[in-house]
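Counting begins at 1 with the first residue of the sequence.
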Amino acid sequence: MSIPRTALITGGSRGIGRAIALALSVHAQQIAIFYAGNQQAAEQTVSLLTLQGVQAMCLCCDVSDPVKVKEAVQQVRAAFGPIGILVNNAGINKDGLTLRMTPQDFDSVLQVNLAGAFHCIQACYRDMMQARWGRILNITSVAGLMGNPGQANYASAKAGLVGLTKTIARELATRGVTCNAIAPGFIDTDMTQTMDEKTLAAAMQQVPMGHMGKAEDIASAAAFLCSEAAGYITGAVLQVDGGMYM
Ligand code: NDP
């Protein structure tokens, strides 16, 4: 029997975030998800979690807004108690070759993917420190480890997340709080469904396993890193990418 715990997953309405929320129902009895605007999908995740016997709630919260994050985390705390597990999964991409990328497109991707994770960590930090237990997991990307043409903004944000992960891991290591990252390769979600056939075929050439991963492949790794069993792992970046980057 696991200890009653509250988990918060950003971007839990769809794709990888939804799969992580469902996989975490083994380790958390209360689960909150943040989403950007897709209320129907968010409510569907809540229904799926409820079917798994978990108390669940969804909140529309733009993670790039620190004030909104603070308020939303407070709402979760009021309903479900202190947050013990935080998964920073919310992410966007606005791809384009560097010469044509606008400063706005560079900045907005950093604000959501990188600053968003920082705001959420800051809002949950004390809960975990005081409980002397916590799990923080940041979803980065192989793009942050190896770079990717057309993704100067996204790869910078994801590389930044690696630095953030290692810093938080060091800050909280003596408090029983771990902070790790998962770097997915190509995963079949809405984010990758916009790729045309030619781009997809070229991408698969880079993957030794020769096919895309599923959201569940990330979720099972996430469930492990958020479990008791992973208590001595911190500051790690786990690649779940079919061998793409090694
Ligand atoms: P999706 O596009 O399928 O889902 C994105 C999720 O993030 C949605 O829940 C969306 O909410 C939410 N979101 C977007 N912007 C914000 C915001 N400002 N505030 C709060 N929530 C927000 O993405 P994936 O599931 O594919 O990706 C999840 C994570 O994994 C991302 O960080 C992505 O960068 C990373 N990743 C994905 C890869 C892939 O191949 N798919 C590869 C490597 C990394 P809403 O539904 O309301 O729009």
Side-chain angles (χ1 to χ4, degrees), residues 6-21 24 31-39 41-42 45 57-77 83 85-95 101-128 134-145 151-169 171-172 177 179-184 187 189-191 215 218 222 225-226 237:
T6 296
L8 168 61
I9 298 108
T10 69
S13 48
R14 296 183 278 131
I16 293 171
R18 175 185 279 177
I20 291 176
L24 283 187
I31 298 185
I33 61 161
F34 287 173
Y35 64 101
N38 198 335
Q39 189 179 346
T45 304
M57 70 192 286
C58 58
L59 291 161
C60 185
C61 172
D62 177 358
V63 293
S64 68
D65 182 335
V67 176
K68 292 213 173 92
V69 167
K70 216 171 155 186
E71 284 169 4
V73 167
Q74 188 47 39
Q75 280 187 57
V76 175
R77 202 178 280 123
I83 287 118
I85 299 173
L86 167 68
V87 182
N88 287 306
N89 163 81
I92 56 166
N93 60 338
K94 291 186 183 173
D95 299 352
M101 187 176 285
T102 64
Q104 291 77 12
D105 281 353
F106 185 83
D107 192 50
S108 60
V109 169
L110 262 87
Q111 285 305 319
V112 174
N113 296 39
L114 178 56
F118 169 74
H119 301 321
C120 293
I121 289 170
Q122 210 173 38
C124 300
Y125 199 98
R126 274 202 187 86
D127 282 359
M128 298 188 196
R135 296 283 182 265
I136 301 169
L137 178 63
N138 298 318
I139 306 300
T140 175
S141 166
V142 281
L145 306 179
Q151 291 197 312
N153 48 5
Y154 185 81
S156 302
K158 294 302 192 182
L161 269 181
V162 174
L164 179 65
T165 301
K166 294 182 180 185
T167 299
I168 302 299
E171 283 187 16
L172 288 171
V177 180
C179 182
N180 293 292
I182 291 180
I187 308 298
T189 67
D190 293 346
M191 190 177 266
I218 308 304
L225 288 172
C226 293
V237 182

Val87 side chain near Cys226 side chain, heavy-atom distance below 4.5 Å:
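SC-SC contact between Val87 and Cys226 confirmed.
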Would you mind reporting whether Cys120 and Val73 have side-chain heavy atoms less than 4.5 Å apart?
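In short, these two side chains do not touch, never coming nearer than 4.5 Å.
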Name the residue from Ile121, Val63, Thr140, Ile139 that meets the side chain to side chain contact (heavy atoms under 4.5 Å, CB included) definition with Asn88.
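It is Ile121, the one option of Ile121, Val63, Thr140, Ile139 that forms the side chain to side chain contact (heavy atoms under 4.5 Å, CB included) with Asn88.
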Side-chain atoms of residues 102-111: list all donor-acceptor pairs with protein atoms under 3.5 Å, sequence neighbours left out, distances to 0.1 Å.
unit_1	atom_1	unit_2	atom_2	d
Thr102	OG1	Asp105	N	3.0
Ser108	OG	Lys94	NZ	3.1
Ser108	OG	Gln104	O	3.1

Which heavy-atom pair separates [X] from [Y] by the least distance, and what is that distance?
| X | Y | result |
| --- | --- | --- |
| Pro66 | Ser64 | CD-O, 3.4 Å |
| Leu164 | Ala117 | CD2-CB, 4.0 Å |
| Ala7 | Leu24 | CB-CD1, 4.3 Å |
| Ala222 | Leu137 | CB-CD2, 3.5 Å |
| Ile33 | Ala42 | CD1-O, 3.7 Å |
| Ala143 | Ala155 | O-CB, 3.3 Å |

Distance (rounded to the nearest 0.5 Å) between [X] [atom1] and [Y] [atom2]:
| X | Y | atom1 | atom2 | answer |
| --- | --- | --- | --- | --- |
| Ile85 | Ile31 | CD1 | CD1 | 8.0 Å |
| Met191 | Asn93 | CE | CG | 4.5 Å |
| Ser141 | Gln151 | OG | CD | 6.5 Å |
| Leu161 | Asn113 | CG | CG | 7.0 Å |
| His119 | Lys70 | NE2 | NZ | 12.0 Å |
| Met57 | Leu59 | CE | CG | 4.0 Å |

Pairs involving residues 153-169, ordered by first then second residue, that meet side-chain hydrogen bond (donor to acceptor under 3.5 Å, both in side chains) (sequence neighbours left out)
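Found Asn138-Thr165.
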Report the residues that fulfil side chain to side chain donor-acceptor pair (under 3.5 Å) with Glu171, sequence neighbours left out, ordered by chain and then residue number.
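Here the qualifying residues are Tyr125.
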List the residues meeting side chain to side chain donor-acceptor pair (under 3.5 Å) with Glu71, not counting sequence neighbours, and say none if there are none.
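Once residues adjacent in sequence are excluded, Glu71 has no partner under the side chain to side chain donor-acceptor pair (under 3.5 Å) criterion.
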Would you be so kind as to tabulate the donor-acceptor pairs closer than 3.5 Å made by side chains of residues 8-18, with sequence neighbours excluded?
unit_1	atom_1	unit_2	atom_2	d
Thr10	OG1	Asn89	N	2.9
Thr10	OG1	Ala90	N	2.9
Arg14	NH1	Asp190	OD2	2.7
Arg18	NE	Ser13	O	3.4
Arg18	NE	Thr45	OG1	2.9
Arg18	NH2	Ser13	O	3.3
Arg18	NH2	Ala41	O	3.0
Arg18	NH2	Gln44	OE1	3.3

Applying side-chain contact (heavy atoms from CB on, under 4.5 Å), name anything that partners Ala152, two or more places apart in sequence or on another chain.
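With sequence neighbours excluded, Ala152 shows a side-chain contact (heavy atoms from CB on, under 4.5 Å) to Thr98, Met101, given in chain and number order.
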